[in-house]
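Step one of this worksheet: look at the structure below.
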Amino acid sequence: MAAPADFLNFVDANKDRFIERLARAVEIPSVSGDPAHRDDVFRMASFLESQLRQYGVETKAVELGSHIMEGQSLKLPPVILGRIGNDKSKKTILIYGHFDVQPAQLSDGWDFPPFQLTKDDKTDRLYGRGSSDDKGPIFGWINVLDAHHSLNKPLPVNLRFCFEGMEESGSEGLDEFILDEVKKAKDSWFDGVDAVCISDNYWLNTRTPALTYGLRGISYYKVTISGPARDLHSGVFGRMVHEPMTDLIALMSKLVSPQGDILIPGVDEMVPPADYEERQLYEKLDYAVEDVEISAGAKITICEDKASVLMGRMRSPSLSLHGIEGAFYGAGAKTVIPAKVTGKFSIRLVPPQTPENVDPLVIKYLYEEFAKLKSKNNINVDNMHGGKPWVEDYRHWSYEAAHRATEAVYKQAPDYTREGGSIPVTLTFAEALGVNVLLLPMGRGDDGAHSTNEKLDVLNFIQGTKLLGSYLHEVNAGTKAR
Ligand SMILES: C[C@H](N)C(=O)N[C@@H](Cc1c[nH]cn1)C(=O)O
Ligand SMILES: [Zn+2]
Ligand SMILES: [Zn+2]
């Protein structure tokens, strides 16, 4: 049975209230990667926990200890666990989401204050950091709880929640916590979980809902070149000394070609090429090169054929250069030779790649290439965080339930996609709990997650809330039919 009409009507009738609640969440700048915002990540955890409790969910905030970030020892944000329902005749679904966000500043080029949810009435879009990644979806789940609680309606499944505050910074401490919790002889918060559902990615385009059965992994590196004891005057020292920035640029230019080929020997070669049958999967998806152009905001695709473009994101590794710490970047023309610079880059991984088999190749290559520069500076290479790729079996009752829910809410069949981003905990859940994991995205391909002007369409927030609730009802309907 599809979701009951009173649930669907409630969601429509409470649209404004749901948007106001999302606005309260977006106003908390819970940036996990910035030590200055660590209190805000804690504040966001408390807000989320209070929302869960309000709707009858038993909760627990689990402390994960501390870590070092930018030379400071910081407390890790708690994991917020929740449980509601213990009916043996119902399935138990574990929901995962994250309440931290990527950094954002108006000066990055935002048209709206990033930590204020701005509703643009012309486009019916909600702009703000975290609107799509991942506060919109986690508050979609809260809306589902709110609706059932307010209507005095039993939930169609038992629910367990696991919300973290470090996903955008490598999910520190989470894997260890999950593995310990699963090993508990009794009263584990993950006892009896039948499947996991995560809403933390995006449709492929702007028109077709998607079910996602794969994610790329990630390995994130920093390479530091240092030499002079202090910043130097380029007029006084230029051409007299080895310059750290020159060495770093030389190294970073040897990592990836402008065509996207990874130049580190052995990395691209690990992945077998797609055969004809696999290529057909990508040919059939509702996607065009123009969709990338729309979401990138420019006609800059590496190639012109749709399947190759899609495979670049879904089934190939990629190496991206992210930034250089310590380099001069301000206005004006400072004639400095920076004393120490740190280049940051990451590799998105696909099976059979893992951080364990790729990291040694990267580190060896960087040291070898540095030696070829014959520089007297020093090099140091660090891995900042990593996560394995994940591919799931989509012929599973959880995907079937999500397929039916998508058809009911959006009146169209979903695309089956693999996501280019990473959610490292996905594989941990799949392996530790031994259950199927479904990714059920709420937002569209042009939402601009991690970018300026991140947005969520009001339609996606409201229909997405209906989709999450309908999925739970379809799981229940499937249970009864079996
Ligand atoms: C797909 C998900 N919403 C997401 O954005 N994940 C991040 C995870 C990450 C890894 N290192 C830093 N953040 C991503 O794919 O970049
Ligand atoms: Zn993200
Ligand atoms: Zn996310």
For a side-chain hydrogen bond (donor to acceptor under 3.5 Å, both in side chains) check, start with the C-alpha distance between Y127 and Q116, then their side-chain angles and the critical distance, and finish with the verdict.
CA-CA 8 Å; Y127 287 91; Q116 197 176 302; over 6 Å; no
Take V11 and Q463 through the side-chain contact (heavy atoms from CB on, under 4.5 Å) test and state the conclusion after the steps.
CA-CA 8 Å; V11 176; Q463 297 301 89; over 6 Å; no
Check against side-chain contact (heavy atoms from CB on, under 4.5 Å), T118 and K455
CA-CA 9 Å; T118 305; K455 60 87 178 161; over 6 Å; no
After noting the C-alpha distance and the side-chain angles of V391 and L215, does the key distance pass the side-chain contact (heavy atoms from CB on, under 4.5 Å) rule?
CA-CA 7 Å; V391 181; L215 284 163; over 6 Å; no
Derivation of the side-chain contact (heavy atoms from CB on, under 4.5 Å) call for V196 and I93:
CA-CA 6 Å; V196 178; I93 303 294; over 6 Å; no
Intermediate values then yes/no, side-chain hydrogen bond (donor to acceptor under 3.5 Å, both in side chains), Y202 and D133
CA-CA 9 Å; Y202 329 96; D133 181 14; 3.3 Å; yes
From CA spacing to verdict: side-chain hydrogen bond (donor to acceptor under 3.5 Å, both in side chains), S308, R279:
CA-CA 8 Å; S308 303; R279 230 188 132 82; 3.3 Å; yes
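Looking only at atom types and distance, the side chain of E168 has a donor-acceptor partner in the side chain of H450 under 3.5 Å away. D286 and T208 share a donor-acceptor pair across their side chains, judged by distance under 3.5 Å alone. Side chains of E164 and S171: a donor-acceptor N/O pair is present below 3.5 angstrom, by distance only. E172 and H67 share a side-chain donor-acceptor pair at under 3.5 Å. When only modelled atom types and interatomic distance are considered, S318 and R348 share no side-chain donor-acceptor pair under 3.5 Å. In the model, D359 has a side-chain atom that pairs as donor or acceptor with a side-chain atom of Y221 under 3.5 Å. T92 and R83 share no side-chain donor-acceptor pair at under 3.5 Å. Between the side chains of T417 and T212, at least one donor-acceptor pair of N or O atoms lies under 3.5 Å.
N436 is listed as a side-chain neighbour of S398, based on a closest heavy-atom distance under 4.5 Å. With contacts defined as side-chain heavy-atom distances shorter than 4.5 Å, the pair S132/M442 does not qualify. In this structure, the side chains of R125 and V458 stay at 4.5 Å or more apart for every pair of heavy atoms. Side-chain contact between Y471 and V475 is present, with heavy atoms from C-beta onward closer than 4.5 Å. Within the 4.5 Å cutoff, no side-chain heavy atoms of V362 are placed close to those of N383. Residues D146 and F10 meet the side-chain proximity criterion, which asks for heavy atoms closer than 4.5 Å. Considering only heavy atoms from C-beta on, V267 comes within 4.5 Å of Q353 through its side chain. Within the 4.5 Å cutoff, no side-chain heavy atoms of I84 are placed close to those of N158.
Note on residues 274-323: pairs passing ring-ring contact (aromatic ring centres under 6.0 Å, His included), not counting sequence neighbours, are Y220-H322. Residues in residues 20-53 take part in these ring-ring contact (aromatic ring centres under 6.0 Å, His included) pairs, two or more places apart or across chains: F47-F139. Evaluation of the side-chain hydrogen bond (donor to acceptor under 3.5 Å, both in side chains) test over residues 405-414, restricted to residues two or more places apart or in two chains, returns H403-E407.
At distances below 3.5 Å, at least one donor-acceptor pair connects side-chain atoms of N357 with backbone N or O atoms of P352. Checking side-chain atoms of S150 against main-chain N and O of A147 turns up no donor-acceptor pair under 3.5 Å. Remark: the backbone N or O of I262 is paired with a side-chain donor or acceptor of D268 at under 3.5 angstrom. Judged by distance alone, with hydrogens and angles left aside, the side-chain atoms of R216 form no donor-acceptor pair with the main-chain N or O of P389 at under 3.5 Å. D40 places no side-chain N or O within donor-acceptor distance of the main-chain N or O of S30, the cut-off being under 3.5 Å. Between the side chain of N453 and the main chain of D111, a donor-acceptor pair closer than 3.5 Å is present. Put simply, the side chain of D120 gets close to the backbone of K122: a donor and an acceptor are under 3.5 Å apart. The backbone N or O of I80 sits nowhere less than 3.5 Å from a side-chain atom of K60 that would complete a donor-acceptor pair. With K299 contributing its side chain and E290 its backbone, the two residues share no donor-acceptor pair below 3.5 Å. Between the side chain of D382 and the backbone N or O of M384, no donor-acceptor pair lies under 3.5 Å.
Going from atom NZ of K90 over to atom CG of L472 covers 10.5 Å, rounded to the nearest 0.5 Å. Atom CZ of R24 and atom NZ of K135 lie 12.5 Å apart (nearest 0.5 Å). Note that OH of Y394 and OH of Y399 are 10.5 Å apart. Values are rounded to the nearest 0.5 Å. Atom CG of D134 and atom OG of S199 lie 6.5 Å apart (nearest 0.5 Å). Remark: W141 CH2 to L159 CG distance equals 7.5 Å, nearest 0.5 Å. Considering CG of L74 and CE of M166, their distance stands at 8.5 Å, rounded to 0.5 Å.
Salt bridge D16/R21: absent, no basic N to carboxylate O contact under 4.0 Å. Taking the charged nitrogens against the carboxylate oxygens, R207 and D291 do have a contact shorter than 4.0 Å, which makes a salt bridge. A salt bridge does not link R444 to D447: none of the charged nitrogens lies less than 4.0 Å from a carboxylate oxygen. Salt bridge present: K344 and E325 bring a charged side-chain N and a carboxylate O closer than 4.0 Å. Electrostatic pairing of R313 and E419 counts as a salt bridge here, judged by a charged N lying under 4.0 Å from a carboxylate O.
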Which donor-acceptor pairs under 3.5 Å do side chains of residues 423-433 form with protein atoms, sequence neighbours excluded?
{"unit_1": "T426", "atom_1": "OG1", "unit_2": "I423", "atom_2": "O", "d": "2.7"}
{"unit_1": "T428", "atom_1": "OG1", "unit_2": "D175", "atom_2": "OD1", "d": "2.8"}
{"unit_1": "T428", "atom_1": "OG1", "unit_2": "D175", "atom_2": "OD2", "d": "3.4"}

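Judged as a salt bridge (Lys or Arg N to Asp or Glu O under 4.0 Å), and not counting sequence neighbours, the contacts of E181 are K184. Partners of D275 according to the salt bridge (Lys or Arg N to Asp or Glu O under 4.0 Å) rule, which considers only residues two or more places apart in sequence or in another chain, do not exist here.
Aromatic pair F99/F163: ring centres not closer than 6.0 Å.
Heavy atoms only, all atoms of each residue included: S422 and E167 are closest at O-OE2, 3.2 Å. Between P29 and R43, the shortest heavy-atom distance links the atoms CD-NH2, 4.0 Å.
A cation-pi arrangement is not found for R160 relative to W189, the charged atom failing to lie both closer than 6.0 Å to the ring centre and inside a 45° cone about the ring normal.
Using the six-membered ring where Trp is involved, H148 and H473 have ring planes that are parallel, under 30° apart on the 30 and 60° scheme.
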